[in-house]
Participant: 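I have a structure here, written as structure tokens, and I will follow up with some questions on it.
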Amino acid sequence: DVLGAIFFFAVFFAALTSAISLAETVVSFVMDRLHWPRRRAAIVVFMAILLLAMPPTLGFSDLSDVALTIGTTQMSILDIMDFFSNSVLMPLVALLICIFVGYWIGPDTIIAEVESNNVEKNAALAHFKSAPLFRVMIRYVAPVLLLIILVSSVLNGIGVVSI
């Protein structure tokens, strides 16, 4: 019993410090953009997180009867949040990162960064041997595959196809 309590106490603190770390990025962004003091920005971000977390938290208790039918699939609140984050947001953000790196900042920027880090560690590794492959993957292969993943995940989630 004591070992289990210590374990879950440690997991609680790991989750808490991770949540604070993630929220700090948003608080910093709000402070910079809106020129708010840290206290106001932290309170507003905390309230927004609390409001966004309430529906999935109550999804198996007070809101367990609430369901939404998308296509041929009926989903609870937690299922909707899971579908949206895993099947839509993850592939979409990965696709946008590929476009950003491949076409906006350019793969040469990333290649130069990799090579500069390699020089600091070991001069023999200064040349990024996979640079040509990286250019092709980040510009052409990965975006196409991520688009296929996004479309198939959404179609599977709404029940149009079964994968």
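In this text the structure is predicted, and so the values were computed from the model without any measurement.
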Participant: In Å and rounded to the nearest 0.5 Å, what is the CG to OG1 distance from Leu52 to Thr57?
Facilitator: 10.5 Å
Participant: What heavy-atom pair brings Ala41 and Val30 nearest, and what distance separates the two atoms?
Facilitator: CB-CG1, 3.8 Å
Participant: Determine yes or no for a side-chain-to-main-chain donor-acceptor pair under 3.5 angstrom, with Ser152 supplying the side chain and Ile149 the backbone.
Facilitator: yes
Participant: With a 4.5 Å cut-off on side-chain heavy atoms, are Val44 and Trp36 touching?
Facilitator: yes
Participant: Rounded at 0.5 Å granularity, tell me how far OG in Ser153 sits from CG in Leu92.
Facilitator: 11.5 Å
Participant: Can you list the residues that meet the salt bridge (charged side-chain N to carboxylate O under 4.0 Å, His left out) rule with Arg40, with sequence neighbours excluded?
Facilitator: none
Participant: CG/Leu150 to CG/Leu155 distance, rounded to the nearest 0.5 angstrom?
Facilitator: 9.0 Å
Participant: If I take atom OG from residue Ser116 and atom CD1 from residue Ile111, how far apart are they, to the nearest 0.5 angstrom?
Facilitator: 12.0 Å
Participant: Other members of the hydrophobic cluster containing Phe7, with the 4.5 Å side-chain heavy-atom rule, please.
Facilitator: Phe8, Val11
Participant: What pairs with Ile80 under side chain to side chain contact (heavy atoms under 4.5 Å, CB included), at least two apart in sequence or on another chain?
Facilitator: Leu68, Met75
Participant: List, by chain and number, the other hydrophobic cluster members for Ile20, where Ile, Leu, Val, Met, Phe, Trp and Tyr join if side-chain heavy atoms come within less than 4.5 Å, directly or indirectly.
Facilitator: Phe9, Phe12, Phe13, Leu16
Participant: Check whether Ser21 reaches the backbone of Thr17 with its side chain - one donor and one acceptor, N or O, closer than 3.5 Å.
Facilitator: no
Participant: Using the rule given for side chain to side chain contact (heavy atoms under 4.5 Å, CB included), can you reason through Ser61 versus Leu58, listing the C-alpha separation, both sets of side-chain angles and the distance that settles it, and then say yes or no?
Facilitator: CA-CA 5 Å; Ser61 62; Leu58 298 173; 3.8 Å; yes
Participant: Report the residues that fulfil side chain to side chain contact (heavy atoms under 4.5 Å, CB included) with Met90, sequence neighbours left out, ordered by chain and then residue number.
Facilitator: Asn86
Participant: In this structure, would Ile138 and Val93 fall into the same cluster of hydrophobic residues linked by side-chain contacts under 4.5 Å?
Facilitator: yes
Participant: Any salt bridge linking Arg38 with Glu24? Criterion: basic side-chain nitrogen under 4.0 Å from a carboxylate oxygen.
Facilitator: yes
Participant: With clusters defined by side-chain heavy atoms of hydrophobic residues (ILVMFWY) lying less than 4.5 Å apart, directly or transitively, does Val26 cluster with Leu34?
Facilitator: yes
Participant: Any link between Leu22 and Leu89 through a network of hydrophobic side chains (Ile, Leu, Val, Met, Phe, Trp, Tyr) touching at under 4.5 Å?
Facilitator: no
Participant: Say whether Ser76 and Asp79, considering side chains only, have a donor N or O and an acceptor N or O under 3.5 Å apart.
Facilitator: yes
Participant: In this structure, would Val151 and Phe84 fall into the same cluster of hydrophobic residues linked by side-chain contacts under 4.5 Å?
Facilitator: yes
Participant: Show which side-chain atoms of residues 96-108 pair as donor or acceptor with protein atoms under 3.5 Å away, not counting sequence neighbours.
Facilitator:
unit_1: Tyr103; atom_1: OH; unit_2: Arg139; atom_2: O; d: 2.8
unit_1: Asp108; atom_1: OD1; unit_2: Arg135; atom_2: NE; d: 3.0
unit_1: Asp108; atom_1: OD1; unit_2: Arg135; atom_2: NH2; d: 2.6

Participant: Take atom CG of Leu3 as the centre, draw a 6.0 Å sphere, and report whether it contains more than 12 heavy atoms from other residues, nucleotides or ligands.
Facilitator: no
